[in-house]
Chemist: 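First, the structure itself, so that you have it in front of you.
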Amino acid sequence: MNDLLKKCYEILGVDLTDSLLLFREMEEQNLLNIIDEKVYLSHYYEAERNIENKIKALCTCSSEYKEKELKSIRLNPGYSEEQLEAIRNSITNKILILTGGPGTGKTTALKGIIDSYKQLKKNIMLAAPTGRAAKE
C-alpha cells in the first residue's frame, strides 16, 4: 500500500498518506480489493477471477481429437515450428489464446487453425481478432 501512495505522490504530486484509512474503508465496503499491497477495483478483480476460473475449467477438459485426426490434417508448407504448435494446440485443447508481438506470425497461425478445422469439418469461433486477423 505504501508503494501505491508513493506512486500517487510521484504522478499526481499529492500526498495521499492520510488516504490509507479511506482505502481500508473502501475495502471494507467491497469497493476495493487489496492483495499483497496491490489495489484492485472489486468489480474488475472479480471479473478477472471469473475469467481465470472459466479458462482453468476449459483447460481441464480434453479434446475429442486424437493423434490420428491430427495426422490427417494437411497444411500448406511454410509454417514455423511455433505456428505448427499453435495449430496442434488449437485442435487438442478446448481453448487457445494466441498472443505475440507484431510480425510474429499470429495471422498465419490463425489461417492454419481455420484451415485445420475446415478439414475436420468442425466449426470454429474467434473472439475479438485484431489487426490484420480481423480483416481476413
Chemist: Are Tyr45 and Val39 grouped together when hydrophobic residues (ILVMFWY) are joined by side-chain heavy atoms under 4.5 angstrom apart?
Modeler: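 Tyr45 does not cluster with Val39.
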
Chemist: Counting C-beta onward and ignoring hydrogens, is there a side-chain heavy-atom pair between Leu22 and Met26 closer than 4.5 Å?
Modeler: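 Yes, at least one pair of side-chain atoms sits under 4.5 Å.
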
Chemist: Check Glu52 with Arg49, please: is the shortest side-chain N to carboxylate O separation under 4.0 Å?
Modeler: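 Salt bridge between Arg49 and Glu52, a charged N being under 4.0 Å from a carboxylate O: yes.
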
Chemist: Counting heavy atoms not belonging to Asn50, are there more than 12 under 6.0 Å from its CG?
Modeler: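 Counting neighbours around CG of Asn50, more than 12 heavy atoms of other residues, nucleotides or ligands fall under 6.0 Å, so yes.
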
Chemist: Do Asn30 and Ser42 have side-chain N/O donor and acceptor atoms under 3.5 Å apart?
Modeler: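 Their side chains do not contain a donor-acceptor pair, so the 3.5 Å distance test is not met.
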
Chemist: Could you tell me which non-hydrogen atom of Ile91 sits nearest to which non-hydrogen atom of Leu120, and how far apart they are?
Modeler: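 Residues Ile91 and Leu120, closest heavy atoms: CG2-CD1, 4.2 Å.
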
Chemist: Without swapping roles, check the side chain of Asn89 against the backbone of Glu85 for a donor-acceptor pair under 3.5 Å.
Modeler: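 Answer holds: yes.
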
Chemist: What is the distance from atom OG of Ser90 to atom CD1 of Ile97, rounded to the nearest 0.5 Å?
Modeler: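 Those atoms lie 13.0 Å apart.
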
Chemist: Among all residues two or more places apart in sequence or in another chain, which pass the salt bridge (Lys or Arg N to Asp or Glu O under 4.0 Å) test with Glu27?
Modeler: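 Glu27 satisfies salt bridge (Lys or Arg N to Asp or Glu O under 4.0 Å) with Arg24 only.
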
Chemist: Do the side chains of Glu81 and Arg88 get close enough for a salt bridge, i.e. N-O under 4.0 angstrom?
Modeler: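 Between Arg88 and Glu81 there is a salt bridge, with a charged N closer than 4.0 Å to a carboxylate O.
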
Chemist: Under 3.5 Å, side chain of Tyr79 to main-chain N/O of Ile87, donor-acceptor pair present?
Modeler: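 No: the side chain of Tyr79 does not pair with the backbone of Ile87.
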
Chemist: Taking the side chain as every heavy atom from C-beta outward, state whether Leu41 and Leu31 have any atom pair closer than 4.5 Å.
Modeler: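 No. Closest side-chain heavy atoms not under 4.5 Å.
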
Chemist: Within the 4.5 Å heavy-atom criterion, are Tyr40 and Leu32 side-chain neighbours or not?
Modeler: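 Result no, sub-4.5 Å side-chain heavy-atom pair not found.
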
Chemist: Between atom CG of Asn33 and atom CD of Glu48, what is the distance when rounded to the nearest 0.5 Å?
Modeler: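 Nearest 0.5 Å value for the CG-CD distance: 10.5 Å.
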
Chemist: Is a side-chain donor or acceptor of Lys106 paired with a backbone partner of Gln83 at a separation under 3.5 angstrom?
Modeler: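 Side chain of Lys106 to backbone of Gln83, a donor-acceptor pair under 3.5 Å: no, none is there.
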
Chemist: Do the non-hydrogen side-chain atoms of Ile113 and Leu96 ever get within less than 4.5 Å of each other?
Modeler: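 Yes - at least one pair of side-chain heavy atoms lies under 4.5 Å apart.
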
Chemist: Could you tell me the separation between the CD atom of Glu82 and the OG1 atom of Thr108, rounded to the nearest 0.5 Å?
Modeler: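 Between Glu82 CD and Thr108 OG1, I get 12.5 Å after rounding to 0.5 Å.
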
